[in-house]
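As the structure is a prediction and not an experimental result, all values here were calculated from the model.
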Amino acid sequence: MAALTPDIAAARRLVVKIGSALLVGPEGLRVDWLRGLCDDVAAWRARGADVVLVSSGSIALGRRVLGLAPGALALEQAQAAAAVGQIRLARAYEEALAPHGVTTAQILVTLDDITDRRRYLNSRATMQALLAAGVVPIVNENDTVATDEMRYGDNDRLAAQIAVTAGADQLLLLSDVDGLYTANPKTDPDAVHLPIVEHLTPEIEAMGGDPISGLSRGGMKTKLLAARTAVAGGCAMAIAEGSVQRPISAVADGARVTWFLPDGDPQLARKRWIAAMKPRGELHVDAGAEAALHSGKSLLPAGVTRVEGRFGRGEPVAITGPSGATLARGLVRYTAEEARIIAGHRSTEIAALLGYAARAALVHRDDMVV
């Protein structure tokens, strides 16, 4: 049975990665192209889809302002260029989306923000809150502080991680190529375009090449690495040539792309990931909390009767009912010490008990497998 090609017009939560070569040309920011992209973003928002943009371009913009010569930059030069370019990049998106009544937010991340569980959960919660408010987040690697040891180095893989973090069902990489070929089409006339990839085999991964654009740090190899992250998280991913005026619409209208099929639904993939974790502690709950969990609600401190184990924020815990049976597993939003302090108390009392404002749920339903 032939695999079904994903329909980008039906995306519920779409992450779009924009390469530097598309956004910044020899004369600077490509304003008309950016407006066309934002017309698409507004159109998808009007359909009810959440949209997240992962945008390159801050260093390319900043180096022009600073008059830095073409070619590789020293780390401190790249960070200075990013500092100058980031503010211009954020303003450009804000101005392009404002006429559509769309609010934007800037999110700057480093690899540490994803690998550190506590910071990962904070990033995820912030992303979810912004999307719930109808905001379009503009995400970029924080090049002003990232060092070679704590960076992604390309926004393809960052976009894939953001897609998994945000629970997106589709990821679109806009680049200067229209998908994956069996060989480099610029050097091999026999190269064949692959419209759909059902499984990332070693043969597929061997087709990755080197970067083509002088402005871009990513190549096909990084896109295939991004695909591995995305599909494992239940997110379909497409590689598309993005230089057309309205690139997302072009994909919806049948432009040539390569789709990588997901392993499953992104939420189910996340649930499987949580279920496979070994609990670091245990939260015992009363009958009222047990009923709330079975009805799909989050675990609040008021329903917790006892806390066992030593765990930090974002670590997995088991949730046990009055009978001693395990009801659920989840990622806890408080340390074991904090959980013991707030156990049995209402959410409105948390700030007074801990001395700072905090989240109402001890384990949020999105971070739980019942």
- Message: Are V164 and V197 linked, directly or through intermediate hydrophobic residues, by side-chain heavy-atom contacts shorter than 4.5 Å (ILVMFWY only)?
- Response: no
- Message: Taking salt bridge (Lys or Arg N to Asp or Glu O under 4.0 Å) as the definition, give me every residue that meets it alongside R35, ordered by chain and number, with sequence neighbours left out.
- Response: D32
- Query: About how many Å separate CG of D367 and NE2 of H364, when rounded to the nearest 0.5 Å?
  - Reply: 7.5 Å
- Message: Closer than 3.5 angstrom, by distance alone: can the side chain of W33 be matched with the main-chain N or O of G242 as a donor-acceptor pair?
- Response: yes
- Query: What are the two closest non-hydrogen atoms of V51 and P137, and how far apart are they?
  - Reply: O-CD, 3.5 Å
- Message: A side-chain contact here means heavy atoms from C-beta on lying under 4.5 Å apart; do R157 and T229 qualify?
- Response: no
- What's the verdict on side-chain contact (heavy atoms from CB on, under 4.5 Å) for I18 and V16, showing C-alpha distance, side-chain angles and the deciding distance? CA-CA 6 Å; I18 299 100; V16 182; 4.2 Å; yes
- Would you kindly confirm whether V84 and I87 end up in one hydrophobic cluster when ILVMFWY residues are joined by side chain heavy atoms under 4.5 Å apart? no
- Task: Please confirm whether the backbone N or O of A60 pairs with a side-chain atom of S20, one donor and one acceptor, at under 3.5 Å?
- Result: no
- Count the heavy atoms of every other residue, nucleotide or ligand shown that sit under 6.0 Å from CZ of R359, and state whether that count exceeds 12. yes
- Message: Rounded at 0.5 Å granularity, tell me how far CG in L172 sits from CG in L174.
- Response: 4.0 Å
- Task: Could you tell me whether the side chain of R12 reaches within less than 4.5 Å of the side chain of D50, counting heavy atoms only?
- Result: no
- L131, V136, L171 screened by side chain to side chain contact (heavy atoms under 4.5 Å, CB included) with V52, the one that passes: L131
- E282 side chain to T320 side chain, donor-acceptor N/O pair below 3.5 angstrom: yes
- Locate the shortest heavy-atom distance separating S298 from R365; write the atom from each residue and the value. OG-N, 3.0 Å
- Item | Side chain E349, main chain R346, donor-acceptor under 3.5 Å | yes
- Query: Side chains of V24 and R30: does their closest heavy-atom pair fall under 4.5 Å?
  - Reply: no
- Intermediate values then yes/no, side chain to side chain donor-acceptor pair (under 3.5 Å), S58 and N140: CA-CA 8 Å; S58 62; N140 195 2; 3.2 Å; yes
- Query: What heavy-atom pair brings L173 and A226 nearest, and what distance separates the two atoms?
  - Reply: CD1-CB, 4.4 Å
- Message: Does either side chain, that of N155 or that of S56, offer a donor lying less than 3.5 Å from an acceptor on the other one?
- Response: yes
- Query: Linking I/L/V/M/F/W/Y whenever any side-chain heavy atoms sit under 4.5 Å apart, do M207 and M220 land together?
  - Reply: yes
- Side chains of P279 and R329 in contact at under 4.5 Å (non-hydrogen atoms): yes
- Query: Can any side-chain N or O of T258 pair as donor or acceptor with the backbone N or O of L180 at less than 3.5 Å?
  - Reply: yes
- Is the shortest heavy-atom distance from the side chain of F260 to the side chain of I196 under 4.5 Å? no
- Query: Of K278, R333, R280, R310, which meets salt bridge (charged side-chain N to carboxylate O under 4.0 Å, His left out) against E315?
  - Reply: R280
- Check whether any side-chain heavy atom of P6 sits under 4.5 Å from a side-chain heavy atom of L261, and report yes or no. yes
- Item | Under 3.5 Å: donor-acceptor pair, side chain of E95, backbone of A92 | no
- Counting only N and O atoms by type, is there a donor-acceptor contact under 3.5 Å from the side chain of Q77 to the main-chain atoms of A74? yes
- Can you name the closest pair of heavy atoms from A250 and V244 and give their distance? CB-CG2, 3.8 Å
- Query: Taking 4.0 angstrom as the limit, do R306 and E308 come out as a salt bridge?
  - Reply: yes
- Query: Below 4.5 Å, heavy atoms only, C-beta onward: do M127 and V139 meet side chain to side chain?
  - Reply: yes
- Message: Less than 4.5 Å apart, side chain to side chain, heavy atoms only: is that true for E94 and Q106?
- Response: no
- Task: With side-chain contact (heavy atoms from CB on, under 4.5 Å) as the test, would you mind laying out the steps for L53 and Y93 before giving the verdict?
- Result: CA-CA 10 Å; L53 301 180; Y93 278 107; 3.7 Å; yes
- Check: Q161 side chain, D156 main-chain N or O, donor-acceptor pair, under 3.5 Å: no
- Please step through side-chain contact (heavy atoms from CB on, under 4.5 Å) for the pair V15 and K17, ending with a clear verdict. CA-CA 7 Å; V15 174; K17 179 262 179 179; 5.8 Å; no
- Query: Is it the case that one hydrophobic cluster holds both I204 and L225, taking links as side-chain heavy atoms less than 4.5 Å apart, direct or via other members?
  - Reply: no
- Task: Quick one: do W259 and Q170 satisfy side-chain contact (heavy atoms from CB on, under 4.5 Å)? Show the steps, please.
- Result: CA-CA 10 Å; W259 279 104; Q170 294 190 29; 3.3 Å; yes
- Spacing of L97 atom CG and T103 atom OG1 [to the nearest 0.5 Å]: 9.5 Å
- Query: Salt bridge or not for D178 and R256, using N-O below 4.0 Å?
  - Reply: yes
- Distance from E141 atom CD to I162 atom CD1, nearest 0.5 Å? 10.0 Å
- Query: Are V31 and V41 linked, directly or through other ILVMFWY residues, by side chains that come within less than 4.5 angstrom of each other?
  - Reply: yes
- Task: Please say whether more than 12 non-hydrogen atoms of neighbouring residues, nucleotides or ligands are located less than 6.0 Å from NE2 in H199.
- Result: no
- Can you name the closest pair of heavy atoms from A318 and T326 and give their distance? CB-CG2, 4.5 Å
- Lys/Arg-Asp/Glu bridge criterion (N-O < 4.0 Å) met for E205, R228: yes
- Taking only residues at least two apart or on different chains, which pairs with a member in residues 236-250 satisfy side-chain hydrogen bond (donor to acceptor under 3.5 Å, both in side chains)? D40-R246, D40-S249, E241-S243
- In Å and rounded to the nearest 0.5 Å, what is the CG to CG distance from L37 to L22? 9.5 Å
- Message: If I take atom CD1 from residue I8 and atom CG from residue L14, how far apart are they, to the nearest 0.5 angstrom?
- Response: 5.0 Å
- On a heavy-atom basis, the closest approach of A336 and G309 is CB-O, 3.5 Å
- Note on the structure: Excluding I342, membership of its hydrophobic cluster (Ile, Leu, Val, Met, Phe, Trp, Tyr; side-chain heavy atoms within less than 4.5 Å) reads L283, V285, L293, L299, V304, V307, F311, V317, I319, L327, V332, Y334, I341, I350, L353, L354, Y356, L362, V363, M368, V370
